[in-house]
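Note that the structure is predicted; figures quoted are calculated from it, not measured.
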Amino acid sequence: MPSRATFLLPALGLAALAFAADPPPPTAVGPAVNDAIAVLAPTEGSKVAGTIRFRKAGDGVRITGEVTGLAPDSKVGFHIHEFGDCSAPDGTSAGGHFAPEGNPHGAPTAPHHHAGDLGNLEADATGTAKVDISAGGLGIATGGSQIIGRGLIVHTQPDDFTTQPTGNAGGRAACGVIGVAKPAS
């Protein structure tokens with residue numbers, strides 16, 4: 001009769017192989033994510049805040065919402081940044097503009113620009129900016145240009161669409177992390 005070790009050694013070898021193998025790729029579970037949200041909080045010394053919603057629309061994303069606390073009748077840069085990290089008091093922990101393709105900074109209408117280049121917000125006389133932007137090429141939770149987990153930044157100056165790599169949009173007045181939203185009804 002074979003010893004217990006005879007059976008145990010092959011079993012241990014198979015267990016070791018199981019741990020050494022690469023894990024299977026993740027699979028999608030549940031319905032597709034078509035809605036995202038970012039709640040913008042002021043950076044240190046700022047009063048800029050807002051709520052921005054993202055909804056899958058064709059080959060891109062429709063971005064809507066409102067930003068308050070801006071200087072009356074002003075324009076300020078508005079960008080998706082690389083990291084969903086707003087822990088630094090000045091918002092710099094969100095990293096640079098989201099540019100997965102390696103394109104230069106530019107206007108959102110330019111043939112080549114950062115995926116995160118959303119243009120400028122325009123505040124009214126009360127310092128409120130209404131947002132309604134369509135941004136092609138972005139994905140909510142899939143593809144190389146997915147925005148879930150990225151940062152959303154409102155800058156302190158207008159984006160000139162030329163200066164590399166930031167559009168000379170100044171400091172960061174508000175930061176929010178883009179997360180999965182409850183679907184709009």
Side-chain angles (χ1 to χ4, degrees), residues 33 35-57 59-71 74-123 129-181:
V33 175
D35 296 277
I37 190 168
V39 177
L40 294 163
T43 57
E44 190 170 60
S46 174
K47 294 180 181 170
V48 176
T51 301
I52 305 296
R53 292 182 99 29
F54 303 83
R55 175 160 257 203
K56 182 74 179 139
D59 71 343
V61 173
R62 182 164 180 213
I63 305 164
T64 59
E66 183 176 277
V67 177
T68 61
L70 299 164
S74 65
K75 281 187 182 181
V76 294
F78 187 53
H79 305 112
I80 296 171
H81 282 243
E82 328 174 72
F83 308 120
D85 181 353
C86 295
S87 62
D90 62 357
T92 56
S93 51
H97 293 182
F98 177 46
E101 319 85 9
N103 288 329
H105 176 71
T109 55
H112 300 288
H113 61 86
H114 296 155
D117 291 340
L118 300 177
N120 286 310
L121 298 179
E122 294 189 33
K130 302 285 186 192
V131 179
D132 192 349
I133 300 168
S134 291
L138 292 177
I140 299 287
T142 58
S145 293
Q146 71 179 29
I147 60 172
I148 292 287
R150 308 256 175 232
L152 184 65
I153 297 288
V154 175
H155 288 273
T156 59
Q157 301 295 318
D159 186 331
D160 67 15
F161 306 124
T162 304
T163 305
Q164 298 300 320
T166 64
N168 200 28
R172 299 164 188 211
C175 183
V177 177
I178 302 169
V180 176

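- In this structure a side-chain-to-backbone donor-acceptor pair under 3.5 Å is present from N120 to D159.
- Atom CD1 of residue I153 and atom OG1 of residue T166 lie 12.5 Å apart, to the nearest 0.5 angstrom.
- Paired with K56 under the rule side chain to side chain contact (heavy atoms under 4.5 Å, CB included), one option of D35, I140, T142 passes, and it is I140.
- Between the CZ atom of F98 and the CD atom of Q146 there is a distance of 7.5 Å, given to the nearest 0.5 Å.
- Here the straight-line distance linking atom CD1 of I80 with atom CD1 of I63 works out to 5.0 Å at 0.5 Å rounding.
- Closest of all the heavy-atom pairs between R53 and I37 is NH1-CD1, 3.3 Å.
- Considering all non-hydrogen atoms of both residues, A94 and R172 come closest at CB-NH1, 4.0 Å.
- Summarising the geometry, atom CZ belonging to F78 is positioned 5.0 Å from atom CD1 belonging to I133; distances are rounded to the nearest 0.5 Å.
- Note: H155 and H81 have tilted aromatic rings, judged against thresholds of 30 and 60 degrees for the angle between ring planes.
- Between L118 and L152, some side-chain heavy-atom pair lies under the 4.5 Å cut-off.
- Pairing each heavy atom of F161 with each of P108, the nearest pair is CE2-CD, 4.0 Å.
- Ion pairing between D132 and R62 holds under the 4.0 Å rule for side-chain N and carboxylate O.
- One finds the CD atom of E66 at 8.5 Å from the CD1 atom of I52 (value rounded to the nearest 0.5 Å).
- Judged purely by atom type and a 3.5 angstrom limit, Q164 uses its side chain to pair as donor or acceptor with the backbone of T162.
- By the side chain to side chain contact (heavy atoms under 4.5 Å, CB included) test, P89 is found to be paired with E44, residues two or more places apart in sequence or in another chain being considered.
- Scanning all heavy atoms of the two residues, the minimum distance from T43 to A174 falls at CG2-N, 4.0 Å.
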H79 vs D117, side-chain contact (heavy atoms from CB on, under 4.5 Å): CA-CA, chis, key distance, verdict: CA-CA 5 Å; H79 305 112; D117 291 340; 3.8 Å; yes
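- The two residues S87 and S93 make their nearest non-hydrogen contact at N-OG, 3.1 Å.
- In this structure, CG on D90 lies 11.0 Å from OG1 on T156, to the nearest 0.5 angstrom.
- Contact between G176 and L40 at its shortest, heavy atoms only, is N-CD2, 3.6 Å.
- When side chains are defined from C-beta on, V177 does not count as touching F83, because their heavy atoms never get closer than 4.5 Å.
- Taking the ring centroids of H97 and H105, they lie under the 6.0 Å cut-off.
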